[in-house]
Amino acid sequence: MSRESPAPKRTGEGPLAPEAARELVLGEVVPLRGEPVPLEECRGRVTAAEVKSAIALQPFDNSAMDGYALRAADTEGENPSLRLVGESRAGHPAEVAVGEGEAIWISTGAMVPEGADAVLPVEDTSEAEGAAQQPGGSGGNQRFVLPARPARQGENIRRAGEDVEAGQVLIPAGRQLRAAEVAVLAAAGVAEIECAQQPRVAILGSGDELIPPGRPLGPGQIHDSNTYALSALAREAGAEVTSVTHLPDAAAATRQALAAALSPELHQISPLAGRKSDAVRPPDVLIVAGGVSVGRHDHVKGALTDLGVEERFWRVALRPGGPTWFGVLGRDGGRPTLVFGLPGNPVSAMVTFHLFAKPALRALTGLDLDAGRTHATLATAYRKKPGKAHYLRCRLELTDQGWRAHLTRDTQGSHVLTSMLAADALALIPAERKEIADGERVEVELLR
Ligand code: AMP
Ligand code: MG
């Protein structure tokens, strides 16, 4: 969601508080427009407009049971016996109405025939044949239903419009469509939904030491995990990853690869059948991990600035994730690209994605920005130097006293990637604090 006040531009020297950094990011977001999405493809997408139901649900009065549609009044008295005059099956309404002393076989979901005001379940009846059961009946093959108890008026009838009235709003704008929403939309007969375009994300990983998984490591080499982690995170946040690129530790090649990643050509999506939106669009978000810092072989910041990306902040008073960079590439008459330079350390890359890139992706599609915060008691004491906020990876346990946060690993180093496994949340240790006692209540931000 773009904020009403103009975004604060580049802040002064010194690291920013994480909340201030997040506000700077959100201030740059220009929400994506809508596009029609077929129902079969809408799961995970976000509505760009509210969706109303053209029809009532249920569309007609129908039976909740297999049984007999009848008039409740006819089931009073001694040994009532009702003449069966037809059948109402699901999708095949009865051709006759229910008259006095009559009943109609009815299936679950079948239309309640005219004249009937109750459905008596088959379990509460028996059937008989022939004129003997009904003095004055036509005899022969005539069948009768014998109610075992009186029916109540309206019993087992699901009324038209009981769930949804025609014209009612089914789904508000800015709602992520999950299985329940898909089900309701299908029931209401909605085949196409106006959804926010999916953010397009370009991902780059920087470093000569990086080898893709599946290839053996040479001396000093490690497997690239960041581009995989960030692609998965971006997809989990509802984005389309349109390019993944590796950057060597060389200035010219870094610049060239970043220029390509920022250009629209790399982000052509093969159009979905009948898709009415633009297929060529520059990335909405570019994320580069590694090479952002101040080492002799870190070329990313310089290349981005050369390419016209304007820095908004550099460094956040945060651990892990201090060396985080954020800038914006404005485009004449077009949407800007938000550029995140995340630290290369794998935990830092994932945590800063969560703190800064994910809220931007949510805001681009119009999703609410509630970061999902609650409180938990820390299961172990924690010590740190004052100055930076520490975001600890925790598993949450529900106890009688509320949530309890257990560190996933005792060591919270930004290279200890397995500390992300089973992490439900980040426990937020404020910058000024030196020590948190075991059992102290802290704020936690949910990771899922
Ligand atoms: P850098 O930010 O380039 O100085 O990298 C910081 C640390 O993160 C170094 O130990 C890098 O080897 C590591 N690193 C950088 N990129 C990746 C990546 N894509 N996958 C795994 N580790 C990485
Ligand atoms: Mg590097």
Side-chain angles (χ1 to χ4, degrees), residues 15-16 18 21 201-237 239 241-258 260-261 283 285-306 309 311 313-327 339-358 388 390-391 393 408-409 411-421 423:
L16 275 172
V201 179
I203 289 171
L204 302 98
S206 152
D208 281 351
E209 73 280 28
L210 302 176
I211 298 296
R215 299 227 317 254
L217 296 177
Q221 295 181 325
I222 60 168
H223 288 300
D224 166 18
S225 61
N226 284 343
T227 64
Y228 294 85
L230 293 167
S231 299
L233 286 167
R235 290 197 180 102
E236 281 178 13
V241 175
T242 50
S243 76
V244 179
T245 316
H246 173 244
L247 303 177
D249 287 324
T254 295
R255 195 195 136 105
Q256 202 176 16
L258 281 168
V285 170
L286 180 144
I287 303 174
V288 48
V292 178
S293 211
V294 291
R296 286 175 58 198
H297 305 288
D298 293 336
H299 304 291
V300 169
K301 282 206 306 286
L304 288 171
T305 323
D306 283 356
V309 183
E311 178 179 304
F313 66 76
W314 162 231
R315 290 196 187 283
V316 182
L318 165 70
R319 195 161 164 176
T324 296
W325 189 93
F326 173 66
V339 180
F340 295 89
L342 305 184
N345 274 309
V347 175
S348 312
M350 291 188 79
V351 168
T352 52
F353 175 94
H354 176 78
L355 295 179
F356 307 118
K358 184 170 147 191
K388 288 181 178 179
H390 283 205
Y391 282 26
R393 278 79 70 207
T408 49
R409 294 286 305 266
T411 158
Q412 291 275 315
S414 57
H415 60 293
V416 182
L417 188 48
T418 57
S419 69
M420 290 301 296
L421 292 174

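Counting starts at 1 for both ligands and their atoms, in listed order.
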**Complete:** re atom 22 (N) of ligand 1, the protein heavy-atom contact at minimum distance is I222 CD1, 3.5 Å
**Prompt:** Has ligand 1 got any nitrogen or oxygen that is less than 3.5 angstrom from a nitrogen or oxygen of L210?
**Reply:** no
**Asked** Measuring from the heavy atoms of G344, does anything fall under 4.0 Å of ligand 1?
**Response** yes
**Message:** Has R393 got a side-chain atom pairing as donor or acceptor with R409's backbone, closer than 3.5 angstrom?
**Reply:** no
**For atom 1 (P) of ligand 1, the option (of G291, G341, S293) bearing the nearest heavy atom** = G291
**Asked** CG/D224 to CD1/I211 distance, rounded to the nearest 0.5 angstrom?
**Response** 9.5 Å
**Complete:** Among L204, D249, N345, the residue with a heavy atom nearest to atom 6 (C) of ligand 1 is N345
**Prompt:** Is there a heavy atom of S206 sitting under 4.0 angstrom from any atom of ligand 1?
**Reply:** yes
**Prompt:** Short question: side chain of H223, backbone of G214 - any donor-acceptor pair under 3.5 Å?
**Reply:** no
**Prompt:** Is the number of heavy atoms from other residues, nucleotides or ligands within 6.0 Å of CD (Q221) greater than 12?
**Reply:** yes
**Prompt:** Of the backbone atoms (N, CA, C, O) and the side-chain heavy atoms from C-beta on, which set of A349 has a member under 4.0 Å from an atom of ligand 1: side chain, backbone, both, or neither?
**Reply:** neither
**Nearest neighbour of atom 4 (O) of ligand 1 from the list L342, D298, V292, on a heavy-atom basis** = D298
**Prompt:** If you measure from each heavy atom of G295 to ligand 1, is any distance below 4.0 Å?
**Reply:** no
**Message:** Using side-chain heavy atoms (C-beta onward) and a distance below 4.5 Å, is F356 in contact with F326?
**Reply:** no
**Prompt:** Can you find an N/O atom of P346 closer than 3.5 Å to an N/O atom of ligand 1?
**Reply:** no
**Asked** Which residue holds the protein heavy atom closest to atom 21 (C) of ligand 1, what is that atom called, and what is the gap in Å?
**Response** S225 OG, 3.4 Å
**Request:** Please step through side chain to side chain contact (heavy atoms under 4.5 Å, CB included) for the pair T227 and L210, ending with a clear verdict.
**Result:** CA-CA 10 Å; T227 64; L210 302 176; over 6 Å; no
**Backbone of P346 reached by a side-chain donor or acceptor of S414 within 3.5 Å** = no
**Prompt:** How long is the gap from CG on L233 to CE on M420, to the nearest 0.5 Å?
**Reply:** 7.0 Å
**Item:** Nearest-option assignment for atom 16 (N) of ligand 1, heavy atoms, candidates N226, V347, V294
**Value:** N226
**Prompt:** So is D224 polar-close to ligand 1, meaning N/O to N/O under 3.5 Å?
**Reply:** yes
**Message:** How close do V300 and G290 get, counting heavy atoms only, and between which atoms?
**Reply:** CG2-O, 3.6 Å
**Message:** If we ignore hydrogens and angles and just use 3.5 Å, is the side chain of K301 paired with the main-chain N or O of V292 as donor and acceptor?
**Reply:** yes
**Message:** Need the ligand 1 atom indices (1-based, order shown) with element for anything under 4.0 Å from a heavy-atom of H223.
**Reply:** 20 (N), 21 (C)
**Prompt:** Hey, looking at atom 9 (C) of ligand 1, which of E209, H246, H299 has the closest heavy atom?
**Reply:** E209
